[in-house]
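In what follows, a single structure is set out as structure tokens and then discussed.
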2 protein chains.
Amino acid sequence: MLKYALLGFLNYLSASGYDLKQLMDVSTSNFWHAKQSQIYTTLKKLEGEGMVVSHVEPQESRPNRRVYQITEAGQAHLREWLDQPLMVIEPRKETLLLKLFFSAQLDPQAILTQLRLQRNLHQADLEKYQTATRDVISQFAASTDMADDAQLWEAARRFGELYEEMFIRWLDETIALVEGWEA
Amino acid sequence: MLKYALLGFLNYLSASGYDLKQLMDVSTSNFWHAKQSQIYTTLKKLEGEGMVVSHVEPQESRPNRRVYQITEAGQAHLREWLDQPLMVIEPRKETLLLKLFFSAQLDPQAILTQLRLQRNLHQADLEKYQTATRDVISQFAASTDMADDAQLWEAARRFGELYEEMFIRWLDETIALVEGWEA
DNA sequence: ATTATGATATATAAAAGTTTATATAAAGGA
DNA sequence: TCCTTTATATAAACTTTTATATATCATAAT
């Protein structure tokens, strides 16, 4: 799946592995992320498959950059994936839910500590989507003439916002439930 | 992570790999899932680590069952994991969002087809949480005296319900956005 | 003035986790 | 007769994470 993310970015602009990592961190991290090592190995694999080509750009006072460019085959491969509708719901993995599911044997106070800690983390995440992420997208939208693209990026950001609102609501409900056990 | 899910179930009752797959499918699939092959190999690994022990139960007219039982070491290992709070937010991966992020080059009608298809899937999932999953939990709660456990399972089910409501809301917003492009 | 750190930049090895595919075997229902 | 359910197991492939290595510049702290 990561390969489509990389092809998706390279379809907009040529970039190095380092660039792609930065791009993902500020744009898709809400719904797709990857470690630096995976990005570098996947780019190498994509080059082997003819989906991208690369050249080294020498730099003074900085290590050389290896810049990747999408090929026609890469564009066709990306397009094929975009065209074909997703027929399933992606199964989620939520470690917090798994822990909670088996936590009845814990002290209620220990459960509450864990839930409140997560509430703080999700609150911070929500605020990030409402400020920093929002600003990045609106700046990019204003600086280019890609109105449709920017609207889809905004929709993706909006998902993160709604997700965090939902998560906080669920945490508040669940905290109230466990608080009731002590009475 | 799967190992904790298996230990969590085995802490309630002894079970075979087959049983554990069925249990996960009707209870944790909302936030944790695994393939049969992974369950079998993980159980074998857990046995090698002394977390569980197994014995074969011969059956007439059915293949023999290998039933796993949690050990004291296994219980301690589970307990340790449950005790230690989760300090991070689990990064999500949502293929639909990734596709949408790069879909501006597609025909708006193709985007709408994909979003509406997902809406149907999520609507069906939501109804499943509101009926079948809810019934399984309330039946189990009534048949045992594990009130706290059942309330946490209900909280986990509730997460699935809120998640699907949120997803459908986001899909409706996004469908309306793309519908606006055609005017 | 020196030291520490963080950012820029790429790369690989090893381990861990997960999916896909395949094999076997028998009962029971459509 | 065919499909589904019950039941376990392994090989191969793929994906992802963790850890480590190298090198330089700019800035901040001591």
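In what follows, every chain begins at residue 1, and chains take the letters A, B, ... in the order their sequences are listed.
The list of side chain to side chain donor-acceptor pair (under 3.5 Å) pairs with a residue in residues 96-105 of chain B, not counting sequence neighbours, reads B:Lys99-B:Gln114. Listed by first then second residue, pairs satisfying salt bridge (Lys or Arg N to Asp or Glu O under 4.0 Å) with a partner in residues 24-44 of chain B read B:Lys21-B:Asp25, not counting sequence neighbours. Residues in residues 75-85 of chain A take part in these salt bridge (Lys or Arg N to Asp or Glu O under 4.0 Å) pairs, two or more places apart or across chains: A:Arg79-A:Asp83. Sorted by first then second residue, the salt bridge (Lys or Arg N to Asp or Glu O under 4.0 Å) pairs that include residues 165-175 of chain B, not counting sequence neighbours, are A:Arg158-B:Glu173, B:Arg119-B:Asp172, B:Arg169-B:Glu173.
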Reading 5' to 3' and counting Watson-Crick or G-U wobble pairs with both distances under 3.5 Å, write the dot-bracket notation for DNA chain C, | for bases paired outside the strand. ||||||||||||||||||||||||||||||
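Within a heavy-atom distance below 4.0 Å of DNA chain D, no residue of residues 24-31 of chain A is found. Taking a 4.0 Å limit (strictly below) on heavy-atom distances, residues 10-20 of chain B reaches DNA chain D at B:Ser16, B:Gly17, B:Tyr18. For the segment residues 77-89 of chain B, the set of residues with a heavy atom within less than 4.0 Å of an atom of DNA chain C is empty.
A:Ser16 is linked by a side-chain contact (heavy atoms from CB on, under 4.5 Å) to A:Tyr18, A:Asp19, A:Arg65, counting only residues two or more places apart in sequence or in another chain. Shown here are the side-chain contact (heavy atoms from CB on, under 4.5 Å) partners of B:Ser14, two or more places apart in sequence or in another chain: B:Val67, B:Gln69. Legend: residues meeting ring pair (Phe, Tyr, Trp, His ring centres under 6.0 Å) with A:Tyr129, ordered by chain and number and at least two apart, are absent.
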Report each atom pair, protein N/O against N/O of nucleotides 17-21 of chain C, whose distance is under 3.5 angstrom.
from   : atom 1 : to      : atom 2 : distance (Å)
C:dT18 : OP1    : A:Lys93 : NZ     : 3.0
C:dT18 : OP2    : B:Gln38 : NE2    : 2.9
C:dT20 : O4     : B:Ser37 : OG     : 2.7

